[in-house]
Enquirer: 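First the structure, which I've put down as structure tokens, then a few questions once you've had a look.
Numbers here are sequence positions counted from 1. The model shown is predicted, which means the values in this text are computed figures rather than measured ones.
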Amino acid sequence: MPDHVRTADGRRLRIEVSGDPRGRPVFLLHGMPGSRVGPRPRSLFLYQRGARLISYDRPGYGGSDRRPGRRVADVAEDVAHVADALGLDRFAVVGRSGGGPHALACAALLPGRVTRAAAMVGLAPRDARGLNWFAGMAPSNVTEFRTALRDPERFAADMIPRSTRIRENPARLLEELREDLTADDRMIVSDNTVRSMLLRNYREALGTSPYGWIDDVLALTGSWGFDPASIRVPVLLWHGQMDVFSPASHAAWLAERIPRATAVLEPAAAHFASLRALPQVLDWLLSD
């Protein structure tokens with residue numbers, strides 16, 4: 001099994017495949033910052049479900065070459081390259097947090113290949129009409145996104161040393177987030193297994209460059225390059241009502257506009273509860 005593929009323009013994309021080698025393929029698109037080794041269900045669960053889980057580092061993260069100026073829509077081309085290299089014609093896709101909009105892009109732009117898509121604790125487009133994009137969002141996220149919108153060069157300059165500090169000690173990121181975590185989320189990220197996966201994920205994400213994270217933020221706050229209302233495949237939108245990193249109003253906005261969307265709102269859940277919900281979401285993706 002290859003550990004990377006090359007795109008048509010020569011970029012390297014680092015990939016990870018787990019679960020049943022002959023199982024039904026599902027792409028798992030990681031969060032922000034994140035990587036191909038991010039949290040996932042155990043291999044035994046994937047084998048029992050007959051699932052083949054495919055992850056890759058978005059450009060600029062981990063072992064994948066950067067793609068300067070990338071938009072959210074550009075993920076569809078990269079996912080198609082990975083699928084072609086693995087001999088996959090049809091597949092499902094799920095994205096968590098910053099990966100959610102990228103999963104929706106695949107659903108919109110690869111309608112002949114994507115069977116079902118799920119976006120978990122994701123964001124709506126920055127230009128979403130009728131949505132107060134920053135309402136209910138943690139002040140730290142508001143500051144980060146607003147700086148990216150108003151002064152991208154300053155944003156990048158701020159993120160470079162921050163990324164270096166987190167790469168050297170990935171636990172710093174969880175400490176930065178701690179004040180905004182609900183009691184439930186704190187319990188989830190304190191679990192030894194989850195914490196170990198998250199720290200490995202952050203270290204890998206920022207191991208070679210800060211630009212995966214930088215480019216993700218710029219892509220998410222810029223024009224996505226597709227309209228979520230154009231999606232025609234079944235979509236599951238999973239969100240926690242208590243989420244302050246990606247407010248639940250974003251999922252509600254998307255649910256109103258995606259024709260075949262099913263929205264699941266967990267009243268007591270927040271952002272990291274999506275890790276706990278991922279096995280059930282995978283069951284839905286494989287149930288078509």
Enquirer: Once side-chain contact (heavy atoms from CB on, under 4.5 Å) is applied, do any residues pair with Ala251, and if so which ones, sequence neighbours excluded?
Expert: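 side-chain contact (heavy atoms from CB on, under 4.5 Å) list for Ala251, sorted by chain: His239.
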Enquirer: Assess whether salt bridge (charged side-chain N to carboxylate O under 4.0 Å, His left out) is satisfied between Glu144 and Arg162, documenting all intermediate values.
Expert: CA-CA 12 Å; Glu144 181 176 304; Arg162 182 185 178 198; 3.0 Å; yes
Enquirer: Tell me, which pairs form a ring-ring contact (aromatic ring centres under 6.0 Å, His included) where one or both residues lie in residues 126-184, sequence neighbours left out?
Expert: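 Output for this query lists Trp133-Phe145, Trp133-His250.
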Enquirer: Determine, for Asp158 against Arg154, whether the closest basic-nitrogen to carboxylate-oxygen distance falls under 4.0 angstrom.
Expert: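 Looking at Arg154 together with Asp158, the answer is yes, because their closest N to O distance falls below 4.0 Å.
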Enquirer: Quick check: is Val233 connected to Leu237 through a chain of hydrophobic side chains (ILVMFWY, heavy atoms under 4.5 Å apart)?
Expert: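 Same hydrophobic cluster.
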Enquirer: Is it the case that one hydrophobic cluster holds both Tyr202 and Met32, taking links as side-chain heavy atoms less than 4.5 Å apart, direct or via other members?
Expert: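 Yes, Tyr202 connects to Met32 through the hydrophobic network.
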Enquirer: Do Asp184 and Met242 touch side chain to side chain, with heavy atoms closer than 4.5 Å?
Expert: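 Counting from C-beta outward, Asp184 and Met242 never come under 4.5 Å.
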Enquirer: Just so I know, are the side chains of Pro152 and Thr147 near enough to count as touching, which here means a heavy-atom distance under 4.5 Å?
Expert: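 Contact flag for Pro152/Thr147 side chains = no.
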Enquirer: Output the distance between atom CG (Leu46) and atom CG (Leu282), rounded to the nearest 0.5 Å.
Expert: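 Spacing of CG (Leu46) from CG (Leu282) equals 7.0 Å.
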Enquirer: Can you tell if the side chain of Pro228 reaches within under 4.5 Å of the side chain of Pro125, non-hydrogen atoms only?
Expert: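 Yes - at least one pair of side-chain heavy atoms lies under 4.5 Å apart.
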Enquirer: Just grab all the salt bridge (charged side-chain N to carboxylate O under 4.0 Å, His left out) pairs involving residues 103-132, residues at least two apart or on different chains.
Expert: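 Salt bridge (charged side-chain N to carboxylate O under 4.0 Å, His left out) check on residues 103-132 returns Asp84-Arg113.
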Enquirer: Let me see the working for Glu176 and Ser140 under side chain to side chain contact (heavy atoms under 4.5 Å, CB included), right down to the final yes or no.
Expert: CA-CA 9 Å; Glu176 288 180 10; Ser140 58; over 6 Å; no
Enquirer: Cut-off 3.5 Å, side chains only: do Thr7 and Asp9 have a donor facing an acceptor?
Expert: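 Distance-only check passes for Thr7 and Asp9.
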Enquirer: Is any side-chain heavy atom of Arg70 closer than 4.5 Å to a side-chain heavy atom of Pro59?
Expert: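 With C-beta onward as the side chain, the pair touches.
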Enquirer: Might you confirm whether atom CE of Met137 has over 12 heavy atoms from other residues, nucleotides or ligands at distances under 6.0 Å?
Expert: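 Count over threshold, so yes.
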Enquirer: Please tabulate, one pair per line, all N/O donor-acceptor pairs under 3.5 Å involving side-chain atoms of residues 14-22, not counting sequence neighbours.
Expert:
unit_1 : atom_1 : unit_2 : atom_2 : d
Arg14  : NE     : Asp3   : O      : 3.2
Ser18  : OG     : Arg40  : NH1    : 3.3
Asp20  : OD1    : Arg22  : N      : 2.9

Enquirer: Taking atom CD1 of Ile160 and atom CZ of Arg165, what is their separation to the nearest 0.5 Å?
Expert: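 Here the interatomic distance stands at 11.5 Å.
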Enquirer: In this structure, would Val244 and Leu123 fall into the same cluster of hydrophobic residues linked by side-chain contacts under 4.5 Å?
Expert: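 Yes.
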Enquirer: To the nearest 0.5 Å, tell me how far Leu206 CG sits from Thr164 OG1.
Expert: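 These two atoms lie 8.5 Å from each other.
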Enquirer: Verify whether one side chain among Tyr61 and Asp216 offers a donor that lies under 3.5 Å from an acceptor in the other.
Expert: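 Tyr61 vs Asp216: donor-acceptor pair found between side chains.
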Enquirer: Listed by chain and number, what are the side-chain hydrogen bond (donor to acceptor under 3.5 Å, both in side chains) partners of Asp78, not counting sequence neighbours?
Expert: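 Scan of Asp78 (side-chain hydrogen bond (donor to acceptor under 3.5 Å, both in side chains), adjacent residues dropped) gives Arg11.
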Enquirer: Starting from the C-alpha separation in whole Å, work towards a yes-or-no answer on side chain to side chain contact (heavy atoms under 4.5 Å, CB included) for Trp213 and Leu218.
Expert: CA-CA 9 Å; Trp213 195 357; Leu218 295 177; over 6 Å; no
Enquirer: Checking Arg36 against Tyr56: charged group under 6.0 Å from the ring centre and within 45 degrees of the axis?
Expert: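 No, a cation-pi geometry is absent between Arg36 and Tyr56.
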Enquirer: Treating Ile, Leu, Val, Met, Phe, Trp and Tyr as nodes and any side-chain heavy-atom pair under 4.5 angstrom as an edge, say whether Val281 and Phe91 lie in one connected cluster.
Expert: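 As far as the 4.5 Å side-chain criterion goes, Phe91 and Val281 are not connected within one cluster.
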Enquirer: Just by distance, no angles: are the side chains of Thr115 and Arg90 close enough, under 3.5 Å, to form a donor-acceptor pair?
Expert: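 There is no such pair (donor and acceptor under 3.5 Å, judged by atom type) between the side chains of Thr115 and Arg90.
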Enquirer: For Arg6, is the CZ atom crowded, meaning more than 12 foreign heavy atoms sit under 6.0 Å from it?
Expert: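 It does: Arg6 CZ has more than 12 such atoms within range.
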Enquirer: Return a table of donor-acceptor pairs under 3.5 angstrom between the side chains of residues 23-31 and protein atoms on other chains or two or more places apart.
Expert:
unit_1 : atom_1 : unit_2 : atom_2 : d
Arg24  : NH1    : Leu286 : O      : 2.6
Arg24  : NH2    : Asp288 : OD1    : 2.7
His30  : NE2    : Arg58  : N      : 3.1

Enquirer: Mark yes when over 12 heavy atoms from residues, nucleotides or ligands other than Arg42 sit less than 6.0 Å from its CZ; otherwise mark no.
Expert: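 Counting other residues, nucleotides and ligands, CZ of Arg42 stays at 12 neighbours or fewer.
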Enquirer: Is it true that Arg12 and Asp57 have a side-chain N and a carboxylate O under 4.0 angstrom from each other?
Expert: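 Salt bridge flag = no for Asp57 with Arg12.
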